[in-house]
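All residue numbers refer to positions in the sequence shown, counting from 1. Just follow the structure's listing: the first ligand is 1, and inside any ligand the first atom is 1.
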Amino acid sequence: MTDLSGKIKLVQGDITQINVDTIVNAANTSLLGGGGVDGAIHHAGGPAILQECQQIRARQGGCKTGDAVITTAGQLPAQFVIHTVGPVWQGGIHDEDRLLASCYNQSLKLADQHQLTRIAFPNISTGIYGFPKARAARIAVQAIHQNLPQCQFLQQVIFVCYDHENYALYQDILNR
Ligand code: ADP
């Protein structure tokens with residue numbers, strides 16, 4: 001596997017505070033905001049983010065699970081927010097693994113298309129959507145390992161873990 005040790009960073013904290021080109025939001029298909037990290041991003045970033053989400057809705061009717069769209073980051077330190085929709089965990093037999101990997105892949109692709117160099121991800125689907133944390137962490141790291149080397153502009157991926165359990169899981173996987 002390609003050695004990406006210098007390109008993948010792990011931090012514990014609040015993604016709304018992270019100063020990178022783009023942060024990723026664990027959104028829902030409506031793109032109209034919700035709880036968890038979605039609520040925190042809209043709250044901290046202000047109404048400009050929702051306005052752009054509404055324009056995207058008017059154009060394409062929301063965002064499918066596993067897909068991603070990009071908007072301004074409003075008042076956040078980041079420049080952009082990539083909204084991706086993770087799968088709701090339904091026991092693992094409804095394509096959840098592939099859909100979660102797709103969130104990471106599509107977000108990387110979109111960031112690279114916009115010529116962005118640094119992207120920060122929350123632990124998509126591991127909150128309200130109930131995806132098992134260890135399984136989600138393995139999928140996230142694997143997706144980055146597989147797709148970051150193909151990116152032309154992206155230089156760094158930051159995993160931002162809000163809770164200690166996720167942080168410890170990522171530490172374990174990344175330090176192996
Ligand atoms: P989902 O519906 O995709 O499960 P959630 O927002 O409920 O989305 O949770 C996704 C992850 O985001 C969880 O691990 C949760 O702890 C984390 N999270 C919640 N608030 C923040 C925040 N401000 N910054 C970073 N991560 C956050």
Side-chain angles (χ1 to χ4, degrees), residues 8-50 53 56-57 62-92 94-108 110-111 118-144 156-174:
I8 300 179
K9 224 178 115 181
L10 177 64
V11 299
Q12 189 174 0
D14 177 353
I15 203 162
T16 65
Q17 305 297 312
I18 306 282
N19 191 350
V20 282
D21 300 304
T22 186
I23 61 169
V24 176
N25 181 19
N28 57 54
T29 53
S30 79
L31 294 177
L32 292 178
V37 69
D38 196 6
I41 287 171
H42 281 283
H43 180 75
I49 302 176
L50 187 59
C53 284
I56 293 167
R57 264 175 72 83
C63 182
K64 287 194 198 118
T65 304
D67 274 357
V69 298
I70 189 166
T71 68
T72 174
Q75 294 154 12
L76 297 175
Q79 261 181 278
F80 298 96
V81 176
I82 289 176
H83 306 261
T84 188
V85 182
V88 176
W89 180 256
Q90 299 175 82
H94 290 88
D95 219 13
E96 292 97 320
D97 290 354
R98 187 190 63 79
L99 289 166
L100 184 62
S102 174
C103 289
Y104 287 92
N105 301 342
Q106 294 303 318
S107 298
L108 284 188
L110 201 49
R118 294 173 76 216
I119 184 169
F121 283 98
N123 308 131
I124 300 164
S125 283
T126 68
I128 299 158
Y129 282 3
F131 208 107
K133 289 180 180 176
R135 185 164 173 151
R138 282 196 301 273
I139 291 168
V141 172
Q142 192 185 34
I144 300 307
Q156 193 173 53
V157 171
I158 304 169
F159 288 115
V160 183
C161 301
Y162 198 57
D163 57 275
H164 187 74
E165 191 187 348
N166 264 316
Y167 182 74
L169 284 166
Y170 275 81
Q171 229 177 5
D172 202 40
I173 295 172
L174 292 171

Q: Go through ligand 1 atom by atom and flag the ones less than 4.0 Å from a non-hydrogen atom of Gly13.
A: 24 (N), 25 (C)
Q: Does Leu10 reach the side chain of Cys161, with side-chain heavy atoms less than 4.5 Å apart?
A: yes
Q: Keeping Asp163 on the side-chain end and Asn166 on the backbone end, is there a donor-acceptor pair under 3.5 Å?
A: yes
Q: Of the choices Ala136, Ala120, Ser125, which has the non-hydrogen atom that lies closest to atom 1 (P) of ligand 1?
A: Ser125
Q: Heavy atoms only, cut-off 4.0 Å: how does Asn28 contact ligand 1, side chain, backbone, both, or neither?
A: neither
Q: Could you tell me whether the side chain of Thr22 and the main chain of Ala111 form a donor-acceptor pair under 3.5 Å?
A: no
Q: Which protein heavy atom lies closest to atom 25 (C) of ligand 1, and at what distance to 0.1 Å?
A: Ile15 N, 3.5 Å
Q: For the 3.5 Å polar cut-off, considering only N or O atoms, please tell me whether Gly36 and ligand 1 meet it.
A: no
Q: In the protein, what heavy atom is nearest to atom 13 (C) of ligand 1, and what distance, to one decimal place, separates them?
A: Thr126 OG1, 3.5 Å
Q: Report yes if some N/O of Thr16 lies less than 3.5 Å from some N/O of ligand 1; otherwise report no.
A: no
Q: Measure the distance from atom 7 (O) of ligand 1 to every protein heavy atom, then report the residue, atom name and distance (to 0.1 Å) of the closest one.
A: Ile128 N, 2.8 Å
Q: Below 4.0 angstrom from a heavy atom of Asn166, which ligand 1 atoms are there? Numbered from 1 as shown, please.
A: 14 (O)
Q: Is there a donor-acceptor pair under 3.5 Å between the side chain of Arg57 and the backbone N or O of Leu31?
A: no
Q: Please report which non-hydrogen protein atom sits nearest to atom 8 (O) of ligand 1, along with the residue it belongs to and the distance in Å to one decimal place.
A: Ala26 CB, 3.8 Å
Q: Apply side chain to side chain contact (heavy atoms under 4.5 Å, CB included) to the pair Asn123 and Phe131, showing each step before the final yes or no.
A: CA-CA 10 Å; Asn123 308 131; Phe131 208 107; over 6 Å; no
Q: Checking the side chain of Ser107 only, and the main-chain atoms of Cys103 only, is there a donor and an acceptor separated by less than 3.5 Å?
A: yes
Q: When only distance counts, is Gly127 in polar contact with ligand 1, meaning an N/O pair under 3.5 Å?
A: yes
Q: Please report the interatomic distance NZ(Lys9) to CD1(Ile18), rounded to the nearest 0.5 Å.
A: 7.5 Å
Q: In ligand 1, which numbered atoms sit nearer than 4.0 Å to a non-hydrogen atom of Ala40?
A: 23 (N)
Q: Under the side chain to side chain contact (heavy atoms under 4.5 Å, CB included) criterion, do Val160 and Phe121 qualify, and how do the steps go?
A: CA-CA 6 Å; Val160 183; Phe121 283 98; over 6 Å; no
Q: Extract all donor-acceptor atom pairs below 3.5 Å that involve side chains of residues 75-83 and protein atoms in other chains or at least two apart in sequence.
A:
| unit_1 | atom_1 | unit_2 | atom_2 | d |
| --- | --- | --- | --- | --- |
| His83 | ND1 | Asn25 | ND2 | 3.2 |
| His83 | NE2 | Thr71 | OG1 | 2.9 |

Q: So which protein heavy atom does atom 11 (C) of ligand 1 come closest to, and at what separation?
A: Asn123 O, 3.3 Å
Q: Any idea which of Asp14, Ile23, Ile41 brings a heavy atom closest to atom 23 (N) of ligand 1?
A: Asp14
Q: May I ask you to list the atoms of ligand 1 that are less than 4.0 angstrom from any heavy atom of Asp163?
A: 14 (O), 16 (O)
Q: Treating Glu96 as the side-chain partner and His94 as the backbone partner, does any N or O pair qualify as donor plus acceptor under 3.5 Å?
A: yes
Q: If you measure from each non-hydrogen atom of Val37 to ligand 1, which part falls under 4.0 Å: side chain, backbone, both or neither?
A: both
Q: Please assess Lys64 against Thr29 for the test side chain to side chain contact (heavy atoms under 4.5 Å, CB included), listing each intermediate value before the final yes or no.
A: CA-CA 6 Å; Lys64 287 194 198 118; Thr29 53; 5.9 Å; no
Q: Nearest protein heavy atom to atom 17 (C) of ligand 1, by residue and atom, and its distance?
A: Tyr162 CB, 3.9 Å
